[in-house]
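Worksheet: one structure, shown below.
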Amino acid sequence: MTARIDMLRLHDLEPTIEEFREAVVAGLGSTPKTLPCKFFYDAEGSRLFDAICELPEYYPTRTELAILRRHAGEMADEIGPDAGIVEFGSGAGIKIRLLLAALERPAAYVPVDISREHMLAAAQDLAAEFPGLRIAPVCADYTRTFALPALPGAHPQSMVGFFPGSTIGNFAPSEAVAFLARARRLLGRNALMLVGSDLPKDRETLEAAYDDAAGVTAAFNRNLLVRMQRELAAELDIDGFRHEARWCPVQRRVEMHLVSLSRQEIRVAGHRFAFERGETIHTENSHKYSLPEFRALAGRSGWLPARCWTDPEERFAVHLLRSG
Ligand SMILES: C[S@@+](CC[C@H](N)C(=O)[O-])C[C@H]1O[C@@H](n2cnc3c(N)ncnc32)[C@H](O)[C@@H]1O
């Protein structure tokens with residue numbers, strides 16, 4: 001079989017500009033002001049996230065990659081031959097290469113991402129590296145229900161969800177449970193799921209990871225304002241907001257905010273949103289779960305925690321879940 005991405009089968013459920021506008025109006029109209037982190041990821045946001053992954057302060061990517069390099073063989077043994085892999089938030093598709101290379105005859109790979117062009121470029125590269133693998137990309141918002149594409153010619157023996165990057169931590173715990181339950185329904189009976197989850201650690205390490213010295217995470221956060229200007233013709237002063245990352249020990253999460261440097265207004269979609277000096281837009285949460293906390297969360301969504309791999313310093317964990 002020749003390597004190919006079945007572009008005609010690209011399942012395109014990219015959020016519309018109306019959805020972005022509605023989310024901005026609802027988020028800036030709420031108290032405290034918020035914006036959903038999924039809108040970080042246009043082409044520029046994805047490029048900035050890839051740059052974050054290379055930063056010395058951003059330990060999660062290299063730690064999870066090291067876990068995968070070391071244990072992909074054991075993960076592949078648990079999964080078995082002829083599996084169909086669905087990756088949620090596939091991004092640049094770096095980590096999946098390690099798993100695909102270890103798997104016996106992977107039957108199909110379905111990357112799912114909100115950032116269409118970035119996902120398609122990654123899928124093209126992957127097709128060149130894994131000739132014979134059927135790749136069926138889906139551009140969708142995984143916080144909503146969507147269907148898996150047909151996989152003609154592929155006959156997966158089992159379906160496996162892959163959700164690396166500690167992206168699970170971007171959900172509130174109740175949303176994470178709802179997401180995992182939806183993924184379990186999507187993957188069907190006898191499914192498995194591998195989930196990368198960051199572990200709690202000291203404030204200094206956590207805040208530096210989300211507020212690097214080179215200012216890349218700050219640019220990533222402010223990209224929300226750039227998108228509002230460009231896509232929604234918002235009237236706002238991008239330099240009037242600074243990036244902030246805070247470890248909140250009670251909620252056990254790092255919060256990212258855009259802090260208003262003065263009294264000002266954002267005008268967008270016929271609305272005016274007033275800011276006091278120091279008032280913030282809360283743009284992202286990154287929850288950190290201990291190993292037992294994550295297992296309890298997975299259990300609440302109906303998955304059975306089966307195995308877990310960590311690095312020697314216990315900075316990051318990759319959990320294997322079974323649908324039961
Ligand atoms: C934190 S990055 C992780 C990327 C990659 N999986 C990794 O481990 O490095 C989150 C990824 O999920 C995608 N994403 C974020 N929210 C999404 C949503 N609601 N639906 C689909 N994709 C989403 C982003 O475009 C991005 O590629």
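Just so it is clear, the structure is predicted and the values come from calculations on it, not from any experiment. Indexing begins at 1, ligand by ligand and atom by atom, following the structure's order.
- Between the CD atom in Glu255 and the CD atom in Glu284 there is a gap of 10.5 Å [rounded to 0.5 Å].
- Taken from CG in Leu297 to OG in Ser197, the straight-line distance is 8.0 Å, to the nearest 0.5 Å.
- In the model, Asn221 has a side-chain atom that pairs as donor or acceptor with a side-chain atom of Thr283 under 3.5 Å.
- Atoms of ligand 1 found under 4.0 Å from any heavy atom of Gly91 (numbered from 1 in listed order, with element): 27 (O).
- Judged by the shortest distance from any of its heavy atoms, Thr167 lies inside the 4.0 Å radius around the atoms of ligand 1.
- Below 3.5 Å of separation, one finds no N or O of Phe88 facing any N or O of ligand 1.
- Rounding to the nearest 0.5 Å gives a distance of 5.5 Å between OG of Ser290 and CZ of Arg252.
- Geometric assessment of Lys95 against the ring of Phe162 yields a negative cation-pi assignment under the 6.0 Å and 45° thresholds.
- Counting only residues at least two apart or in different chains, ring-ring contact (aromatic ring centres under 6.0 Å, His included) contacts with residues 82-105 comprise Phe88-Phe179.
- What sits closest to atom 14 (N) of ligand 1 on the protein, heavy atoms only, is Tyr142 OH, 3.7 Å.
- Residue, atom and distance of the protein heavy atom nearest to atom 27 (O) of ligand 1 are Asp113 OD2, 2.7 Å.
- A side-chain donor from one of Thr205 and Asp202 sits under 3.5 Å from a side-chain acceptor of the other.
- The protein heavy-atom contact nearest to atom 6 (N) of ligand 1 is Gly89 O, 2.7 Å.
- Ring pair Tyr142/Phe163: centre-to-centre distance below 6.0 Å.
- Every atom of ligand 1 with a heavy atom of Lys38 under 4.0 Å away is listed here by number and element: 16 (N), 19 (N).
- Looking at ligand 1, you won't find any N or O of Cys53 less than 3.5 Å from one of its N or O atoms.
- With Phe179, Phe163, Phe162, Tyr41 as candidates, the residue nearest to atom 1 (C) of ligand 1 on a non-hydrogen basis is Tyr41.
- With hydrogens left out, the protein atom closest to atom 19 (N) of ligand 1 is Asp141 OD1, 2.8 Å, a heavy atom.
- Closest to atom 7 (C) of ligand 1 among all protein heavy atoms lies Lys95 NZ, 3.4 Å.
- Here is the list of ligand 1 atoms found below 4.0 Å of a heavy atom in Gly165: 8 (O).
- For Ala140, the closest heavy-atom approach to ligand 1 falls below 4.0 Å.
- For the atom pair CG of Asp212 and OH of Tyr210, the computed distance is 12.0 Å after rounding to the nearest 0.5 Å.
- Under a 4.0 Å criterion applied to the non-hydrogen atoms of Thr143, ligand 1 contributes the atoms 19 (N).
- The proximity of Phe49 to ligand 1, defined as any non-hydrogen pair under 4.0 Å, is limited to the side chain.
- Under the 3.5 Å distance criterion, with hydrogens and angles disregarded, no donor-acceptor pair is assigned to the side chains of Asp113 and Ser115.
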